[in-house]
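The next block holds one structure in the form of structure tokens; read it before the comments.
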Amino acid sequence: MRSVGQGHMEILGYASDLECLISDEFMKGSRNKLMDEEQDKQIKLIKEEKIKYGGKALNELFNEQENTVYVTFKVGSFKKPKQKIYIVNENEVSDNKCYVNFRAKQSLIEYLDEEKLKDSKLQEFLDKKEFWDEKPCQSVDEIMKNNEDIKDVNFFEVIGKEYDELAFSNIISYVLNEDRELLAKFCLEFAKFQMDSKMAVITRETDENIDIYIKDDKHAIVIENKIKSGVNGKKYDEKMNEEIENQLDKYRDFAKIKDKGAEAREVKCILLVPDHHDILRNDNAKKEVANKEYEIITYKKLFKFFSEYKSEIRFYDEFLRALEFHSTDYQNRAYEIAMRRLQNIIKNN
């Protein structure tokens with residue numbers, strides 16, 4: 001499994017009939033003292049069983065690194081999902097989600113006894129044939145081909161701003177403000193109306209705290225950008241003895257009612273989120289956003305739109321790479337780095 005958001009674990013594979021290949025002495029004893037002996041056993045096992053990857057013995061591939069366990073289990077049966085399936089820690093089940101009250105946080109290791117396994121209906125969920133690929137394993141060549149598009153590090157990552165909502169809102173505003181032809185296409189694509197792009201005003205972080213506010217005399221677009229944070233709900237102000245409205249309500253009402261000239265404008269409200277945001281896996285949250293008259297636009301849609309347009313403004317290529325970082329269904333940068341290293345090792349051996 002891998003964590004893809006709060007309370008959501010994506011199932012990557014299902015192995016059964018496991019045989020531990022690490023000796024009991026090593027598991028129960030002092031691992032530091034027994035490491036050399038265990039590693040010798042591992043290398044012998046790799047040679048006898050001809051355990052190879054990309055034509056290279058596993059220990060040769062990793063240059064016989066010290067203090068390394070190369071193989072842990074022999075698997076009798078292994079399945080790989082052919083669609084996205086999840087274990088969730090909240091009672092929000094669906095055809096591709098199974099509720100399990102798991103406690104594991106960092107290690108993602110969870111042990112279920114027979115009673116807990118039965119209560120969770122996990123085994124019944126895992127036994128669904130339609131979930132699993134008939135060809136669970138790939139050749140090295142296939143894996144290499146599937147990972148040809150591993151993304152390079154973008155500038156936002158270098159300066160530690162890859163999750164900074166202000167930085168992304170700033171650069172989106174900058175791009176739209178500098179290229180007015182692009183702004184016109186943006187409004188037509190995501191708001192479905194033709195804005196006067198030459199006269200339109202783009203405001204970053206208005207007095208009402210709207211992330212990006214675009215308007216002309218007849219139209220307005222409210223963009224609330226959420227990368228990691230959630231949407232604030234209603235709060236109770238004890239001093240004023242009243243409820244403080246939800247931030248999405250506040251921004252929408254400003255554009256539709258309170259702003260000068262609001263009555264003459266058609267308003268489009270957008271909630272911009274990465275494709276790995278928790279809200280996309282929460283059906284109730286998505287309904288609440290829709291009820292507030294907002295459309296959820298993902299970074300993948302944004303990236304696709306901007307990448308199909310060739311702008312000459314400065315930093316446009318870096319802008320695209322920064323958007324692409326958030327256009328995946330889960331945050332997989334660690335996986336991508338590991339795959340790039342593995343590719344380099346295979347190529348250099």
Side-chain angles (χ1 to χ4, degrees), residues 4-5 149-157 159 161-195 197 200 202-206 210-215 219-231 248 251-252 255 267-282 285-286 289-290 292-333 336:
V4 293
D149 62 344
I150 289 177
K151 306 167 192 64
D152 291 326
V153 174
N154 66 72
F155 184 68
F156 277 44
E157 289 180 88
I159 62 174
K161 295 291 185 180
E162 66 269 34
Y163 296 103
D164 192 311
E165 292 170 0
L166 295 178
F168 274 88
S169 295
N170 284 339
I171 197 167
I172 291 169
S173 299
Y174 164 79
V175 167
L176 295 176
N177 206 23
E178 289 294 309
D179 192 328
R180 290 299 171 127
E181 181 183 339
L182 179 56
L183 173 61
K185 292 178 181 295
F186 176 88
C187 296
L188 197 58
E189 175 72 19
F190 295 110
K192 306 304 180 191
F193 51 60
Q194 187 67 60
M195 184 175 278
S197 59
I202 302 175
T203 306
R204 261 291 292 122
E205 199 66 33
T206 69
I210 299 172
D211 287 337
I212 304 172
Y213 188 42
I214 308 170
K215 68 176 181 178
H219 308 91
I221 301 175
V222 172
I223 301 176
E224 178 63 9
N225 184 23
K226 294 293 186 184
I227 293 181
K228 273 196 166 183
S229 60
V231 177
L248 296 186
Y251 305 153
R252 180 202 61 222
V267 176
K268 175 70 177 183
C269 296
I270 293 171
L271 179 62
L272 178 61
V273 297
D275 289 71
H276 52 80
H277 199 285
D278 289 341
I279 199 170
L280 297 176
R281 286 177 287 273
N282 188 322
K286 287 191 289 186
V289 170
K292 295 181 182 300
E293 302 176 44
Y294 279 74
E295 180 182 357
I296 296 176
I297 301 295
T298 66
Y299 269 68
K300 184 182 291 183
K301 292 179 182 177
L302 207 63
F303 171 69
K304 183 178 185 296
F305 167 78
F306 282 114
S307 62
E308 290 175 352
Y309 181 88
K310 305 301 179 185
S311 178
E312 298 299 322
I313 64 173
R314 295 182 65 189
F315 314 120
Y316 196 72
D317 289 341
E318 279 299 327
F319 166 64
L320 292 178
R321 289 167 65 188
L323 290 181
E324 189 180 20
F325 178 81
H326 288 299
S327 66
T328 56
D329 294 338
Y330 47 84
Q331 277 296 271
N332 59 350
R333 180 53 92 196
E336 290 176 347

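Everything numeric here is computed off the predicted structure, so don't read it as measured data.
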Does any N or O in the side chain of H276 come within less than 3.5 Å of the main-chain N or O of I227, such that one atom is a donor and the other an acceptor?
->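 Not confirmed, H276 side chain does not pair with I227 backbone.
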
Is a side-chain donor or acceptor of E157 paired with a backbone partner of E162 at a separation under 3.5 angstrom?
-> no

Taking only residues at least two apart or on different chains, which pairs with a member in residues 294-309 satisfy salt bridge (charged side-chain N to carboxylate O under 4.0 Å, His left out)?
-> K268-E295, K300-D329, K304-E308

Is there side-chain contact between L166 and E205, with at least one heavy-atom pair below 4.5 Å?
-> yes

Side chain proximity check, L323 to F156, heavy atoms < 4.5 angstrom | no

For L188, enumerate each residue passing the side-chain contact (heavy atoms from CB on, under 4.5 Å) test, keeping only those at least two apart in sequence or located in another chain.
->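 L188: side-chain contact (heavy atoms from CB on, under 4.5 Å) contacts with Q194.
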
Residues forming a side-chain contact (heavy atoms from CB on, under 4.5 Å) with S311, sequence neighbours excluded |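 In terms of side-chain contact (heavy atoms from CB on, under 4.5 Å), with neighbours along the sequence ignored, S311 is linked to D179, Y309, I313, Y316.
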
Considering only NZ, NE, NH1 and NH2 on the basic side and carboxylate oxygens on the acidic side, decide whether R321 and E318 come within less than 4.0 Å.
->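 A salt bridge links R321 with E318.
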
Going from [atom1] on [X] to [atom2] on [Y], what distance comes out if it is rounded to the nearest 0.5 angstrom?
X	Y	atom1	atom2	result
I279	T298	CD1	OG1	12.5 Å
I223	Y213	CD1	OH	12.0 Å
I297	L272	CD1	CG	8.0 Å
Y163	F168	OH	CZ	9.5 Å

Quick one: closest heavy-atom pair of K292 and L248, and the distance?
->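 That closest heavy-atom pairing would be CD-CB, 4.0 Å.
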
What's the shortest heavy-atom distance between R204 and I212, and which atoms?
-> CD-CG1, 4.1 Å

Are F305 and F190 close enough that their ring centers fall under 6.0 Å?
->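 Between F305 and F190, the centre distance is under 6.0 Å.
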
